[in-house]
Amino acid sequence: MPVFYGLEITSRLMLGTAQYPSPAILAEAFKRSKAGVATVSVRREAGHDRAGQDFWSLIQKLGVTVLPNTAGCHSVREAITTAQMARELFETDWIKLEVIGHADTLQPDPFALVEAAKNLNQEGFKVFPYCTDDLVVCEKLLTAGCRVLMPWGAPIGSGLGLNNPYALRSIRAHFPDVPLVVDAGLGLPSQAAQVMEMGYDAVLLNTAVAKAGDPAIMAEAFAKAVDAGALAHKADPMLPRDMAAPSTPILGKAFL
Amino acid sequence: MKDTFTILGSGVVGLSLAAEFHHRGASVQVIDPNGAPGSHACSWWAGGMLAPECEGVITEEAVVRHGRSAADWWQSNGADLSHKGTVVVALGRDQDELKTFAKRLNNAVWLDRNHLNKLEPHLADHFDHALYIKSEAHLNPRQTLSKLHKRLQRFGVAFSDKQKPSGQIIDCRGLAACDHLKDLRGVKGEMVVVKSAEVILNRPVRLLHPRFPLYIVPRGDGTFMLGATQIESSERKRPTLRSVVELLNAAYALHSAFAEAELLEVGVDARPAFPNNLPCIRRTSKRIYVNGLFRHGFILAPALARMTADLVLEEKQPEDFYEDHR
């Protein structure tokens, strides 16, 4: 099972907590999927006087590790302020760092992300940076002190799957010892399996489950796919073979 | 002497219950901090769409089933209803949202541009097709609550801010009842009212969007209610710039002439909700709570009033949304 900043998580599936039809259905999705981590946004919900506390209490009752996030932040300063607020609210130094650079695609701003990560790492946070699949950005985030990387599969909420499998494979190959999570863009369990087959440590998703007709069933489907993909990676899969190009002379057709 | 009942709260639930109890011959008084419906009740800020089919896309079947009787109840209790259905649209790249909505909806028909032009000519300028749910209706929440309040006063129902409760207490205080109901939470909603002489819409319109869904309810005289955000926060004040920008931007995307609309009002409150976002008639040894109507106040208050009256006056257990905590 994945180990993030020294803590072993009980599942390779991490789920977001937004957009569910109700907190009760959200809880059912966690139960059926046995997801080990719940990400939760705080910026918009906090209001004054911890007005989001009722919902956060429901998340804390799920009995999973809570990873607060900085969703909705578009600058280094906003992200740092939100991270500090989250640390106080949830009494955790874990923070999923989102610094959005493009309002429409919600693409992370790699420059602000690295700067915010550096600041937060210096402040003692354990940073989970949501980043693009750029190898160099990943390198800079590690230099900034991050010990986990969370590249996107595709834009948040798009359900497109893995836009650039090559880049994700490349990140895995270059950082064999860094816990890697594909975060965002998944729409189907088969895409989650694909991530795990590449040797990633976990997947994190929200919309694909929350917006399914039956979120709890979809959460379970993702959990099974994640397990299947992880097992497949462990089993050392065969490489595909192009049967169209015969490797030996064909004398007859009996053994084709 | 016949039993007397005290209803706490004069929001949509309290008033509906008072009407139902009165019609059944029970003696009822309403106690409310303001003594009358007003901006302290979250139903004051509601959209007023009686749209059980559309809501059924994201909620349980029981909400749809009970919600279908709401329009008749409101009409028979003096409300001015508009029975023109609902139109649902999505912008170009969000067409899959519309397809998913259609797939999960009962009783919807697809409109092409010609059909849309007959119902909502202003939308036909911008949209090639839409969904139409003919059976749905809408009302003006503030007018409806005020009218029902006056009607009940005429019938002799006492409203007061100070009177001591007497007889059986039925607590319909919405989010204010979170001092008793520990599993009740607030879900913040923000809304905007604008006025436009250019835009003409005849019925509620829903604009589907993965992040910024919007509904627009025509309130007559060129005014439109734009709603509503849904944020997991019990804050009942402080509408934010971001929320207002999102609502206005979505309205502008729906119809560019909204750019010149006049801003009349920005409103905010928090809806009372239980963890399953479904209402509950909860009976304890001391009182009966009717609460947690979430975003379905006007759709579900009539059914809850009927079921609560059945329970209290006839000892008939509600078929849905009931918890006995005695």
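Within every chain, numbering begins at 1; the chains are lettered A, B, ... in the order of the sequence lines, protein sequences first and strands thereafter.
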Do you know the tightest heavy-atom contact between [X] and [Y]?
| X | Y | result |
| --- | --- | --- |
| Ile58(B) | Pro21(A) | O-CB, 3.6 Å |
| Ala103(A) | Arg211(B) | O-NH2, 2.8 Å |
| Arg104(B) | Gly213(A) | NH2-N, 3.0 Å |

Proximal component of [X], with respect to chain A [non-hydrogen, under 4.5 Å]:
| X | answer |
| --- | --- |
| Arg93(B) | side chain |
| Glu60(B) | side chain |
| Leu184(B) | backbone |

Examine whether an atom of Ile59(A) lies under 4.5 Å from a heavy atom of chain B, and if so say whether it belongs to the side chain, the backbone or both; otherwise answer neither. neither

Check each atom of Gln53(A) against the heavy atoms of chain B and say whether the ones under 4.5 Å are side chain, backbone, both or neither.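 For Gln53(A), there is no contact with chain B at all, as no heavy atom is under 4.5 Å.
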
Carboxylate-amine/guanidinium contact Lys182(B) Asp54(A), below 4.0 Å: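 Salt bridge: no.
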
Please identify, among Leu26(A), Asp104(A), Ile25(A), the residue contributing the most non-hydrogen atom pairs under 4.5 Å to chain B.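 Greatest number of close heavy-atom pairs with chain B: Asp104(A).
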
Would you say Asn276(B)'s side chain and Ser22(A)'s backbone share a donor-acceptor pair under 3.5 angstrom?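 Judged by distance alone, no pair lies under 3.5 Å.
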
Could you tell me the separation between the CD atom of Glu45(A) and the NZ atom of Lys188(B), rounded to the nearest 0.5 Å? 10.0 Å

Atom pair OG (Ser41(A)) and CD1 (Ile231(B)), whose distance is rounded to the nearest 0.5 Å: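 Result: 9.5 Å between the selected atoms.
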
Should we say atom [atom1] of [X] is surrounded by more than 12 heavy atoms from elsewhere, each under 6.0 Å from it?
| X | atom1 | result |
| --- | --- | --- |
| Arg77(A) | CZ | no |
| Tyr252(B) | OH | no |
| Glu265(B) | CD | yes |
| Glu61(B) | CD | yes |

What residue in Ala270(B), Ser243(B), Ser234(B), Ala273(B) has the most heavy-atom pairs under 4.5 Å with chain A? Ser234(B)

Does some side-chain heavy atom of Pro210(B) sit less than 4.5 Å from a side-chain heavy atom of Lys211(A)?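 No, their side chains stay 4.5 Å or more apart.
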
Going by heavy atoms in the side chains, are Glu232(B) and Leu58(A) under 4.5 Å from each other?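 No; the side chains remain at least 4.5 Å from each other.
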
